[in-house]
**Q** 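Before I ask anything, here is the structure I am working with.
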Amino acid sequence: MNLCYRFIFHIFICFVLLFTLLPSANAKDVTLQLKWKHQFQFAGFYAAQKQGYYAEEGLTVTINPADGSQTATDVVLSDQAEFGISDSSLALSRLKGQPVVVVATIFQHSPLGLITLKSSEILSPLELKGKSVMYQKNIDDAVITAMLAESGLADSGFKHIKHNFDDLALLGDIAVDAMSAYLTDQPFLYREKGIDINIISPSNYGIDFYGDLLFVKESYLKSNPAEVEAFRRASLKGWKYALEHQEEMVDWILTNLSPEKSREHLLFEAQETAKMIRPDLIELGHFSISRMLRIADTYKALGWANENSSLDGIGYTQHLNTSSQGMFAAKVLGLIIVIMSSLILAFWLINKKLKAEVHKQTESLRAQSNYLQKIKDRLDYAQSIARLGNWEWSCEDDNWWWSNELKILLGLPTQTAPSLQLYLNFVHPDDRETVESSLNKALTSQQDYHLQYRIISAPGDVIDVEEKVEVILNNSGETESFFGIVLDVTERKKEAERISESEKLYRQMFDNNTAIKLLIDAESGYILRANDAACSFYGYSHDEFLEMKVFEINAHTPDEIQDEMTLALEEDRRFYRFKHKLANGETRDVEVHSGPVEIDSKKRLFSIIVDVTARNRYESELITKTAELDKEKLKLRESEQMYKTLFEGVSIGIVMQNSMGEITALNETASSILQASREELLNKSSFDPSWEAINENGISVSGENHPLLHSAQEWPNKTAYWALNTRTEHFG
């Protein structure tokens, strides 16, 4: 079989394979349920439909907006739609046993946060104590609840207001200090009105949830793995298109979906959505099980899920069966065959091209001289730009040659005749002996040399130069000539001095500062540098630190730390709370302020660590004492209420008098028995002659023998209590 027949045979095989891999002619109807109304938040799915990506995969897709009656999770689990868009609440659903499976992560960060008016000066969750906060309680508010809890605010620490879905609620009649909002949406409305706001993002306080996630029901995935993968591929392809053609997709949404937003609002949403997806740093659709486990831990810590509940099965790759893997292998095999066939075709074309090249070779050789001349011209130009000159000295006939660039560097006309003495005349007097002795030494030792020195050009400019000299030997091993290159390094030397000063300043700021500082390689986790304060705090020497990774001092898992370092490199997070381990085994609470710096064209993480162990302990004790005080206040109120109930509820009249005999309080029964109102009796003295005390035998008691007088004399500065009934006392 000759080459032509082989080529035709491989092309035939490729067509057969491609035919078997093409989607079925009968497109499959599926439905995608969105979590909200039509807007740019779902532009990738619109793009996949608009550009025909779903159709290429053999799918006919219906995209339904939310109608407010059901969540997307409810719609998918009730088989009203095959695919849905939800947020990190899918982790809570899985923890509660609902068979939801994440197919792809669209938003790498949750856009849900809190906004406040700039005039309120509320910049962080810590300043929300005692304030009113509007959000949807128990409807995926975990990211906000966790942030508030992390900041030490329990439900009793602020006033919750049910969300009324008024985007401008901060300006409404209801007193609202902060409200939950999508950071891709509502901030535009305030900016449009010229009103400055503050944004409180949970990710800045260690609470970083996923945003929109594409999901399916587990049973549907197991029955239709190929369709799920096809939908995922087309959707991610659509998102890539939407992010690269934002204005086009905004115009399409306005024309075809009639959203409740202006073009400017949608463009703002598009730009902010791209920040949540970050396709420049993270692969579209990327999903981390370890990060989802941290989200699950947040739900458990809030008491929304059982501690023993599991996330097993939430990732779609865990459910792919062998049939889908076999299909993937077949496609890979088909792709390999296509590639090999293409290589055979390329080989055939190359051979054909080589024959033509042989025909042109003679003409090419004739043109080589012109080409070399162009190369020389370009080299001369490059040397001129680089301020680099060269020279050659033939020892046999003492003949010198200088390049034009060297003459220009010295400030000489290009027709100047060169010589050794002429060059030495331009060398700085302080450096002339070094240059001359180096050349003489090379004559005897036949060794190349490298120097840095100064020259003074004809116009009088002092120029720092770097010279490399090569000794060229003849066949007999004798010195035949010298070849030298002279480079103007004046600017480079100045730059080196500037760098030296900059590094000196850096060392003063880094090494001599009392703050704990570390420089970390974000890829490997190695500690590249630690200042004296860090060595003192952790108990390790500088050399020990350089052999360690950051994972060795951090109590969290390596995967968790790596995720956090990635976020710091992306500049999405700059503040963390960790537990760090000291060399003596002690664990300390720390706050880490971290951000990327570029060193040697590589991004490193510069971290400042603050020990907050004592502060955390104090805050914890303060919270405990506050709770105890609240309990005591409650007991006191209960005691006062009980006393009041007993005082007013008994059928016996009770009168309270001070040591002066003045009535300070009495109950209704006493008022009735004494047949006078409280106003008439209060502050009236029982020693008054109008009062009369009578013994059981009916004989009156004299004033000086009155029982109250004896009590006042026996217990001065005390309050006397006495009971009345109609038989023993009366008001005279």
Side-chain angles (χ1 to χ4, degrees), residues 28-39 41-42 44-46 49 54 59-107 110-112 135-146 162-165 180-182 184-185 209-225 227-228 231-232 235 257 259-260 285 287 292 295-296 298-300 302-306 309-316 318-319:
K28 179 68 179 292
D29 293 330
V30 295
T31 299
L32 170 65
Q33 178 61 53
L34 305 180
K35 62 184 288 191
W36 193 241
K37 302 170 185 177
H38 287 307
Q39 53 190 15
Q41 181 180 356
F42 312 110
F45 304 107
Y46 307 147
Q49 193 175 57
Y54 288 134
L59 300 171
T60 299
V61 180
T62 300
I63 302 177
N64 290 335
D67 61 8
S69 62
Q70 299 181 82
T71 66
T73 304
D74 294 334
V75 171
V76 171
L77 291 179
S78 61
D79 298 322
Q80 299 174 58
E82 287 76 19
F83 298 89
I85 302 297
S86 189
D87 38 42
S88 292
S89 60
L90 290 172
L92 180 59
S93 299
R94 191 78 193 186
L95 290 173
K96 292 184 176 181
Q98 294 179 317
V100 293
V101 179
V102 175
V103 176
T105 301
I106 306 302
F107 284 23
S110 173
L112 187 63
Y135 64 93
Q136 285 182 278
K137 198 168 187 178
N138 299 326
I139 304 179
D140 198 50
D141 61 319
V143 65
I144 291 176
T145 304
K162 184 178 180 181
H163 212 306
N164 61 5
F165 298 102
S180 66
Y182 260 46
T184 57
D185 190 353
F209 280 20
Y210 283 123
D212 289 5
L213 297 104
L214 177 65
F215 74 100
V216 295
K217 189 176 180 179
E218 185 175 326
S219 58
Y220 177 77
L221 172 60
K222 289 183 176 180
S223 302
N224 305 276
E227 291 171 7
V228 172
F231 189 91
R232 184 181 190 274
S235 298
L257 300 177
E260 300 175 354
F287 174 73
M292 207 65 171
I295 294 172
T298 300
Y299 282 116
K300 292 178 180 179
L302 292 172
W304 294 5
N306 190 289
S309 55
S310 172
L311 274 185
D312 288 348
I314 197 168
Y316 87 104
Q318 298 171 279
H319 300 278

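Small disclaimer: the values here were computed from a predicted structure and weren't measured. Side chains included, hydrogens not; waters and symmetry mates left out as well; all remaining heavy atoms used.
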**Q** Between His163 and Ser180, is there a donor-acceptor pair closer than 3.5 Å when you use the side chain of the first and the backbone of the second?
**A**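 Flag set: sc His163 to bb Ser180 pair under 3.5 Å.
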
**Q** Between Phe45 and Phe231, how do the two ring planes meet: parallel, tilted or perpendicular, split at 30° and 60°?
**A**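 Because their plane-to-plane angle is under 30°, the rings of Phe45 and Phe231 count as parallel.
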
**Q** Between the side chain of Ser88 and the main-chain N/O of Tyr210, is any donor-acceptor distance below 3.5 Å?
**A**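 It does hold such a pair.
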
**Q** How close do Thr105 and Leu213 get, counting heavy atoms only, and between which atoms?
**A**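 Minimum heavy-atom separation between Thr105 and Leu213: OG1-CD2, 3.7 Å.
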
**Q** Can a side-chain donor-acceptor contact be found between Gln80 and Gln70 if the only test is distance below 3.5 angstrom?
**A**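 Present: a donor and an acceptor within the cut-off.
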
**Q** Step by step, would you call Arg94 with Glu218 a side chain to side chain contact (heavy atoms under 4.5 Å, CB included)?
**A** CA-CA 11 Å; Arg94 191 78 193 186; Glu218 185 175 326; 2.9 Å; yes

**Q** List the atom of Gly211, the atom of Pro111, and the distance in Å for their closest heavy-atom pair.
**A**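 So the two residues come closest at CA-CD, 4.1 Å.
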
**Q** I need the Ile85 CD1 to Thr71 OG1 distance, nearest 0.5 Å.
**A**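 That separation rounds to 13.0 Å.
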
**Q** Would you please test His319 and Val228 for side chain to side chain contact (heavy atoms under 4.5 Å, CB included) and show each step?
**A** CA-CA 11 Å; His319 300 278; Val228 172; over 6 Å; no

**Q** Determine the minimum heavy-atom distance between Trp304 and Leu92, stating which atoms define it.
**A**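 Looking at all heavy atoms of both residues, the shortest contact is O-CD1, 3.7 Å.
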
**Q** Determine yes or no for a side-chain-to-main-chain donor-acceptor pair under 3.5 angstrom, with Ser223 supplying the side chain and Tyr220 the backbone.
**A**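 Side chain of Ser223 to backbone of Tyr220: no pair is present.
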
**Q** Looking at every heavy atom in both Glu82 and Val76, which two are closest together, and how far apart are they?
**A**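 Looking at all heavy atoms of both residues, the shortest contact is O-CG1, 4.1 Å.
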
**Q** Verify, without hydrogens or angle tests, whether Lys300 (side chain) and Leu95 (backbone) share a donor-acceptor contact under 3.5 angstrom.
**A**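 No; judged by distance alone, with no hydrogens or angles, the pair does not exist.
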
**Q** Got a second to check how far Phe42's CZ is from Lys35's NZ, nearest 0.5 Å?
**A**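 These two atoms lie 6.5 Å from each other.
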
**Q** Rounded to the nearest 0.5 Å, what separation is found between the CZ atom of Phe215 and the CG atom of Leu77?
**A**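 Here the rounded value is 6.5 Å.
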
**Q** Using modelled atom types and a 3.5 Å cut-off, is there a donor and acceptor pairing between side-chain atoms of Gln33 and backbone atoms of Pro65?
**A**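 Here the side-chain-to-backbone pair exists.
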
**Q** Could you report the tightest heavy-atom contact between Gly313 and Val101, atom names first, then the distance?
**A**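 In this case the closest contact between Gly313 and Val101 is O-CG2, 3.7 Å.
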
